[in-house]
A.B. asks: 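Right, I'll just put the structure down here and ask away after.
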Amino acid sequence: MPSFQTSPGTRDILPPQAGRWRAFTAQFADIVESAGYECIIPPMFEDLGVFLRLGDATDVVTKEMYDFEDKGGRRIALRPEHTAGICRSFAQHRPTTPWKVWYSGSNFRYEKAQAGRFRQFDQVGIEVLGSTDPLLDVEVITMGWQFFESLGLRNVVLMINSLGDPEDRAAYIEALRVYLESHAEKLSEESRATLQRNPLRVLDSKRVQDKPIIDAAPTIAQFLSDDAKAHFEKVKAGLTALGVQYSVNEGLVRGLDYYQRTVFEYVSTSLDSAQTAVGGGGRYDGLVEDLGGPATPGVGFALGIDRTLLACDSEEVFLLGAPQLDAFIVDVVDGMTALRLADELRAAGFAVDRAYDGRSMKSQMKVADRSGARVAIIIGSDEAEAGNCTVRNLMTSEQSLVLQTEVVTHLASIVGERNPRRNTQ
RNA sequence: GUGGGCGUAGCUCAGUUGGUUAGAGCGCCAGGUUGUGGUCCUGGAGGCCGGGGGUUCGAGACCCCUCGUCCACCCCA
């Protein structure tokens, strides 16, 4: 056993898996940038107060925060999610609205790790600040939906709900609390405890014992104001207009306190672990104001990279392609020709690797084979003397002698033209 | 935070009711005559059997503690 290992709940994303992560965020960026979202990179830690707005009844705030005091005596927390930090950023810089941003990065929550759940976990997401338009909700929800589609996922379902305006929500919570308390003796012990902290969360219980009581509970729909109702209707109409399949789930309440009106969740039906939500979001119209900014509506979502890739694994989509090297240089003389040719070919735009440590030709050829390169460029003593090299196509095993000065054009004739990376004149 | 399963080579795992120098496959390295990969053959390197304590003449196997990991609850992406 080595002296040090990754801390609990963290892990190394090694190659080639890390390449898949990069492709994942690249694909996400491509889709949302096509809709005018721009990249934002907020800090990984902020004043603790920024995140306390997520809700003092939420586990994220009460037990999962990675907080500490820095050397200057400030109360700091590693971000448990991106939304609050982005709202703080908006309040601080006051960009023109609507402000459409996307992000990708790690979050931190002090939880016990299990399948699809880590202490350091990565998300991609978008946020829009400055508009209450329900058709913006539609755009946001659709972005996520289309991204899952672009990955090749077919077994993702979209659930939506409306939590109404703050007053609606408060009235509903009170009604729910009264109802649940009147049936408390039939609830599981865990749900009774949850009821004390946050009645909404009882609706999320997975225990069969609670199901009949939850099924018969009052629903939020009866408490929605006319405005909130109209908003929700327009969201549904918009989704239908775009052909986005959704189902209304009145038990969908989301974990953070700042949500109001539209909330939604993407759930993978091909995951058999406990964590099947691959993404979620909603509207948080009061959050910027809570953080000391101007009253500004907002809506957004976050997608879990781990869980989404887990879903990709189980649907066997978005699989990793082998890394593509154009050429691998084998030099059994002194390595100097490999040094020069590799530099020249890389400058010309090719992806080129080589062997080191002057190993035997057989050994270097094995490395060339493993590298996945399409051709091997071989320099033995004969070639070194004649100023040429043997170019071997590793797929077809055809090979020919080529002058070293013509390697660039010869390689282009096999693997195709490339755009130069550097001007070598 | 609570409960359960599991920790033996880089990876996946064997290791009989406790009994000599702890094994396999894959991977890695080196060879298989003179300069050529994938297949095949041969050899090699690599383990304080997660850590600590205990029981025993003797522990990888049994007991306790601890750490890690996986799964579930909780919660959430």
Side-chain angles (χ1 to χ4, degrees), chain A residues 1-11 14 54-55 57-64 80-83 104-125 144 188-191 193-194 197-198 200-202 204-207 253-256 264-268 271-281 300-311 328 330-333 355 357 359-384 389-399:
Chain A
M1 270 306 126
S3 305
F4 296 107
Q5 288 179 267
T6 47
S7 287
T10 70
R11 72 266 195 243
L14 301 171
L54 307 189
T58 63
D59 279 16
V60 170
V61 166
T62 56
K63 30 187 260 208
E64 297 171 359
E81 53 121 50
H82 275 70
T83 305
S104 120
S106 294
N107 302 311
F108 305 85
R109 292 182 196 173
Y110 195 88
E111 302 185 272
K112 206 157 167 181
Q114 74 187 70
R117 198 178 77 179
F118 300 92
R119 288 183 175 174
Q120 177 180 345
F121 63 102
D122 279 65
Q123 293 181 324
V124 295
S188 64
E189 195 181 320
E190 294 87 343
S191 285
T194 306
R197 298 197 312 273
N198 187 344
L200 282 181
R201 297 236 57 92
V202 176
D204 267 352
S205 166
K206 292 176 204 153
R207 287 167 289 270
V253 295
R254 307 283 308 149
L256 304 172
F264 55 95
E265 204 163 280
Y266 309 94
V267 176
S268 167
L271 290 177
D272 46 10
S273 58
Q275 275 75 32
T276 55
V278 289
F301 68 67
L303 313 180
I305 296 185
D306 295 286
R307 290 186 191 176
T308 304
L309 287 177
L310 241 34
F328 192 97
V330 170
D331 179 343
V332 291
V333 183
D357 299 321
R359 298 209 275 181
S360 70
M361 179 169 290
K362 175 173 180 153
S363 161
Q364 293 195 37
M365 284 300 291
K366 283 176 96 139
V367 182
D369 184 52
R370 264 202 312 258
S371 77
R374 295 169 68 183
V375 305
I377 297 172
I378 302 164
I379 297 104
S381 48
D382 294 350
E383 289 91 342
C389 53
T390 298
V391 176
R392 180 180 177 89
N393 185 324
L394 290 172
M395 324 297 286
T396 64
S397 293
E398 294 168 315
Q399 63 181 47

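The structure presented is a predicted model; accordingly, all values stated were derived computationally and were not measured.
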A.B. asks: Categorize A:D382 for me: base, sugar-phosphate, or nothing, with a 4.0 angstrom heavy-atom threshold over every strand shown.
C.D. replies: base
A.B. asks: Counting the atoms with a prime plus P, OP1 and OP2 as sugar-phosphate, which does A:V278 contact under 4.0 Å by heavy atoms, base, sugar-phosphate, or nothing?
C.D. replies: sugar-phosphate
A.B. asks: Hey, does the side chain of A:Q114 come within less than 4.0 Å of B:rC71's phosphate (OP1/OP2), counting only N and O?
C.D. replies: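 For A:Q114, the contact criterion (side-chain N or O under 4.0 Å from OP1 or OP2 of B:rC71) is not met.
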A.B. asks: Can you pull out every salt bridge (charged side-chain N to carboxylate O under 4.0 Å, His left out) where at least one residue sits in residues 105-114 of chain A? Sequence neighbours excluded, please.
C.D. replies: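 Of all non-adjacent pairs touching residues 105-114 of chain A, those that pass salt bridge (charged side-chain N to carboxylate O under 4.0 Å, His left out) are A:E111-A:R117.
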A.B. asks: Round to a whole Å and report the spacing from CD of A:E383 to P of B:rU36.
C.D. replies: 12 Å
A.B. asks: Base, sugar-phosphate or nothing for A:Y110? Non-hydrogen atoms, less than 4.0 Å.
C.D. replies: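 The answer is nothing, as A:Y110 stays clear of every strand by at least 4.0 Å.
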A.B. asks: Could you tell me which residues satisfy side-chain contact (heavy atoms from CB on, under 4.5 Å) with A:S191, sequence neighbours excluded, listed by chain and number?
C.D. replies: A:L187, A:S188, A:V202, A:S205, A:R207, A:D210
A.B. asks: For atom C1', what is the distance between B:rG47 and B:rG53, given to the nearest Å?
C.D. replies: 22 Å
A.B. asks: Give, for atom CG of A:N107 and atom CD of A:E64, the distance between the pair rounded to the nearest 0.5 Å.
C.D. replies: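 CD of A:E64 is found 12.0 Å from CG of A:N107.
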A.B. asks: The side chain of A:R109 lies closest to which of these nucleotides: B:rC70, B:rC71, B:rA77?
C.D. replies: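 Nearest nucleotide to the side chain: B:rA77.
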A.B. asks: Measure from NZ on A:K112 to P on B:rG1 and round the result to the nearest Å.
C.D. replies: 7 Å
A.B. asks: Can you measure A:K362 atom NZ to B:rC29 atom C1' for me and round it to whole angstrom units?
C.D. replies: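 Between C1' of B:rC29 and NZ of A:K362: 12 Å.
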A.B. asks: Would you measure the distance from the C1' atom in B:rU66 across to the matching atom in B:rG7 and give it in whole Å?
C.D. replies: 13 Å
A.B. asks: Polar atom pairs between nucleotides 11-13 of chain B and protein, under 3.5 Å, N or O only, would you list them?
C.D. replies:
none

A.B. asks: Applying side-chain contact (heavy atoms from CB on, under 4.5 Å), name anything that partners A:S397, two or more places apart in sequence or on another chain.
C.D. replies: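 Residues passing side-chain contact (heavy atoms from CB on, under 4.5 Å) with A:S397: A:R392.
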A.B. asks: Side chain of A:R392, heavy atoms from C-beta onward: which of B:rA72, B:rA77, B:rU36 has the nearest atom to it?
C.D. replies: B:rU36
A.B. asks: From the options B:rC73, B:rC29, B:rG31, select the nucleotide whose nearest atom is closest to the side chain of A:R359.
C.D. replies: B:rC29
A.B. asks: Kindly point out which of B:rG35, B:rA77, B:rC75 is positioned nearest to the side chain of A:E64?
C.D. replies: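 The listed nucleotide nearest to A:E64's side chain is B:rC75.
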A.B. asks: Going by the rule salt bridge (Lys or Arg N to Asp or Glu O under 4.0 Å), which residues pair with A:K366 if we only count those two or more places apart in sequence or in a different chain?
C.D. replies: none
A.B. asks: When all nucleic acid strands are considered with a 4.0 Å heavy-atom cut-off, which category describes A:G125: base, sugar-phosphate, or nothing?
C.D. replies: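 Since no nucleic acid heavy atom lies under 4.0 Å of A:G125, the category is nothing.
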A.B. asks: Mind running a 4.0 Å heavy-atom check of residues 366-377 of chain A against RNA chain B and sending the residues that fall below it, in number order?
C.D. replies: A:K366, A:D369, A:R370
A.B. asks: Can you measure A:Q275 atom CD to B:rC71 atom C1' for me and round it to whole angstrom units?
C.D. replies: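 Taking atom C1' of B:rC71 as the reference, CD of A:Q275 is at 10 Å.
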A.B. asks: Show me the pairs that pass salt bridge (charged side-chain N to carboxylate O under 4.0 Å, His left out) and involve residues 368-380 of chain A, at least two apart or across chains.
C.D. replies: none
A.B. asks: Taking B:rG10 as the reference, what is the distance to B:rC62 when you measure between their P atoms (whole Å, please)?
C.D. replies: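 Roughly 24 Å separates the two P atoms.
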A.B. asks: Using a distance-only test with no angle check, is there a side-chain donor-acceptor pair under 3.5 angstrom linking A:Q120 and A:S106?
C.D. replies: yes
A.B. asks: Give the dot-bracket line for RNA chain B from 5' end to 3' end: parentheses for intra-strand Watson-Crick or G-U pairs under 3.5 Å, square brackets for crossings, | for inter-strand pairing, dots for unpaired.
C.D. replies: (((((((..((((.....[...)))).(((((.......))))).....(((((..]....))))))))))))....
A.B. asks: Considering only B:rG37, B:rA77, B:rG35, which nucleotide approaches the side chain of A:F121 most closely?
C.D. replies: B:rA77
A.B. asks: C1' atom, B:rC26 versus B:rU39: distance in rounded Å?
C.D. replies: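 B:rC26 and B:rU39 have their C1' atoms separated by 16 Å.
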A.B. asks: Nearest to the side chain of A:S273 - B:rA72, B:rG37, B:rC75?
C.D. replies: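 Nearest to the side chain of A:S273 among the choices is B:rA72.
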A.B. asks: With sequence neighbours left out, what residues match A:F264 under ring pair (Phe, Tyr, Trp, His ring centres under 6.0 Å)?
C.D. replies: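 If we apply the ring pair (Phe, Tyr, Trp, His ring centres under 6.0 Å) test to A:F264, skipping adjacent residues, the hits are A:Y266.
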A.B. asks: Have a look at A:R254 and say if it touches a base, only the backbone sugar-phosphate, or nothing, with a 4.0 Å heavy-atom cut-off.
C.D. replies: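 Here A:R254 touches the backbone only, sparing every base.
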A.B. asks: OP1 or OP2 of B:rC75 sitting under 4.0 Å from any side-chain N/O of A:T194?
C.D. replies: yes
A.B. asks: Rounded to whole Å, please give me the gap between CG in A:D331 and C1' in B:rU36.
C.D. replies: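 These atoms are roughly 14 Å apart.
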A.B. asks: Could you list the residues that satisfy side-chain contact (heavy atoms from CB on, under 4.5 Å) with A:N393, not counting sequence neighbours?
C.D. replies: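 Once residues adjacent in sequence are excluded, the partners of A:N393 under the side-chain contact (heavy atoms from CB on, under 4.5 Å) criterion are A:M395, A:T396, A:I414.
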A.B. asks: Taking only side-chain N and O atoms of A:T308, does any of them lie within less than 4.0 angstrom of OP1 or OP2 on B:rA77?
C.D. replies: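 No, no such contact exists.
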A.B. asks: So which protein nitrogen or oxygen atoms get under 3.5 Å of nucleotides 43-45 of chain B's nitrogens or oxygens?
C.D. replies:
none

A.B. asks: Taking atom C1' in both B:rC48 and B:rC29, what distance in whole Å separates the two?
C.D. replies: 25 Å
A.B. asks: How would you label the contact of A:I378 with the nucleic acid (heavy atoms, under 4.0 Å): base, sugar-phosphate, or nothing?
C.D. replies: base
A.B. asks: Can you list, pair by pair, the side-chain donor-acceptor contacts under 3.5 Å of residues 272-280 of chain A, counting residues two or more places apart and other chains?
C.D. replies:
unit_1: A:Q275; atom_1: OE1; unit_2: A:Q114; atom_2: NE2; d: 3.1

A.B. asks: Less than 4.5 Å apart, side chain to side chain, heavy atoms only: is that true for A:P8 and A:R119?
C.D. replies: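 With C-beta onward as the side chain, the pair touches.
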